[in-house]
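The basis for the numbers below is simple: all heavy atoms, side chains too, and nothing from hydrogens, waters or symmetry mates. Since this is a predicted model, take the numbers as computed values, not measurements.
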Amino acid sequence: MTMSQDFNFDDQGGEFGSESSNYPVVFGITLTPKIIGIVVGSLGFAGAAYMLLNMVMPTWETFQNKQTQANDLQSQVEQKKASVQQIGQVKAELAQAKRETIQVLSLFADEKTLDTLLLDLNRLVESTNAEVSANAVRAKLQKFVPASQPAEPINDGSLGATVDGKLKRSSINVEIEGTFEQTQSIVRNIERLQPLLIVKNYQARLSPEQARNSSGEEVPRVGPAPITTSFEIQALMPLNPEEVAAAVKEAEAANQ
């Protein structure tokens with residue numbers, strides 16, 4: 001046996017060449033499995049890029065827009081909630097302010113308190129006589145003269161510029177007789193009355209009168225001598241809306 005008999009390269013080479021010719025040729029390129037794989041991969045990448053640009057991206061943009069819209073709506077909801085809470089807080093503060101206004105106004109006098117002021121003063125004077133002996137000085141309300149004119153608006157700055165055009169006052173002239181301690185107690189109790197009252201023009205002098213019994217006869221006096229005290233009580237009252245408007249017009253006319 002020789003080498004030429006066992007291996008015939010020419011024949012085998014011809015068979016190999018015939019198998020290679022079975023792959024298709026496009027534009028002079030033989031479409032081998034490797035080439036076909038590259039082409040298919042390229043087409044897949046291009047398809048994926050096409051889908052990304054034409055389907056995925058618009059969908060993503062729509063999602064982003066909807067997300068932004070949802071966030072805006074949520075912010076509006078939170079603002080509405082805050083507004084509702086603020087409305088409730090404002091209503092509560094308004095109610096509190098009204099209650100405080102009523103409490104402040106209750107400190108001032110009004111027409112009703114002026115009508116009962118004479119009774120209140122007389123009660124205060126008589127309360128100092130509870131433990132007084134028969135021959136001791138007894139406090140008496142000698143004079144109570146209300147103002148003949150209606151209450152006048154305050155515009156002269158006597159109580160401060162902040163109350164000008166907001167309050168009015170009514171003056172009452174009072175005269176009482178009693179010892180110094182009795183007079184002091186009466187004046188202090190006047191200042192403690194519920195309506196806001198101001199005591200002004202305080203004057204006191206010794207009383208020359210002698211003590212007398214129920215029959216009018218003079219009797220020896222026991223204890224300190226009496227004094228006669230006169231003063232002016234100013235009752236402060238808030239102006240109503242109509243009076244406030246009139247006071248403003250009067251002040252403007254005075255400044256022109």
Side-chain angles (χ1 to χ4, degrees), residues 100-164 166-239 243:
E100 292 177 353
T101 300
I102 293 174
Q103 293 175 355
V104 172
L105 290 177
S106 66
L107 300 177
F108 292 95
D110 55 24
E111 302 299 335
K112 293 181 180 180
T113 57
L114 291 181
D115 292 339
T116 61
L117 185 57
L118 174 59
L119 297 176
D120 293 334
L121 286 179
N122 192 64
R123 176 177 54 82
L124 294 179
V125 171
E126 292 298 328
S127 65
T128 61
N129 297 325
E131 299 180 357
V132 174
S133 61
N135 294 337
V137 175
R138 296 182 63 85
K140 293 183 293 185
L141 179 61
Q142 301 278 60
K143 184 187 297 185
F144 182 90
V145 183
S148 58
Q149 300 296 328
E152 58 178 2
I154 301 175
N155 289 312
D156 56 3
S158 58
L159 298 179
T162 56
V163 301
D164 284 354
K166 299 181 180 66
L167 296 177
K168 59 183 177 180
R169 61 188 162 198
S170 180
S171 299
I172 301 169
N173 292 320
V174 178
E175 184 177 280
I176 59 176
E177 184 185 71
T179 65
F180 175 79
E181 290 77 9
Q182 290 171 336
T183 303
Q184 186 181 44
S185 175
I186 293 170
V187 173
R188 285 178 177 175
N189 288 330
I190 289 175
E191 294 176 347
R192 293 171 183 171
L193 289 175
Q194 182 175 358
L196 186 57
L197 304 174
I198 298 177
V199 176
K200 298 188 65 176
N201 302 326
Y202 182 92
Q203 295 180 352
R205 65 183 185 276
L206 287 175
S207 178
E209 296 184 3
Q210 297 294 323
R212 298 178 183 273
N213 56 22
S214 59
S215 301
E217 300 175 349
E218 293 186 0
V219 295
R221 190 182 301 278
V222 177
I227 59 175
T228 300
T229 305
S230 61
F231 50 88
E232 179 185 355
I233 294 179
Q234 290 185 349
L236 303 181
M237 296 171 284
L239 294 174
E243 292 172 334

Side-chain contact, heavy-atom cut-off 4.5 Å: [X] with [Y]?
| X | Y | result |
| --- | --- | --- |
| Y202 | T183 | yes |
| L117 | L193 | yes |
| L114 | P146 | no |
| I190 | F231 | yes |
| L141 | L118 | yes |
| M237 | R169 | no |

Give me the atom names and distance for the closest heavy-atom approach of [X] to [Y].
| X | Y | answer |
| --- | --- | --- |
| V137 | N129 | O-OD1, 4.4 Å |
| F180 | I227 | CA-CD1, 3.9 Å |
| I186 | L124 | CG1-O, 4.1 Å |
| A139 | E126 | O-OE2, 4.4 Å |
| A204 | T229 | CB-OG1, 3.8 Å |
| P238 | K168 | O-CE, 4.0 Å |

Original post:
When you measure from the side chain of T116 to the backbone N and O of L119, does any donor-acceptor pair fall under 3.5 Å?
Top reply: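 Answer holds: no.
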Subject >> CD-CD distance between E175 and Q203, expressed to the nearest 0.5 angstrom >> reply: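 Here the interatomic distance stands at 10.0 Å.
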Subject >> Rounded distance (nearest 0.5 Å) linking atom CD1 of I172 with atom NZ of K143 >> reply: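 The distance works out to 14.0 Å.
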Original post:
Would you call K200 and E232 a salt bridge, using N to O less than 4.0 angstrom?
Top reply: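 So K200 does not pair with E232 through a salt bridge.
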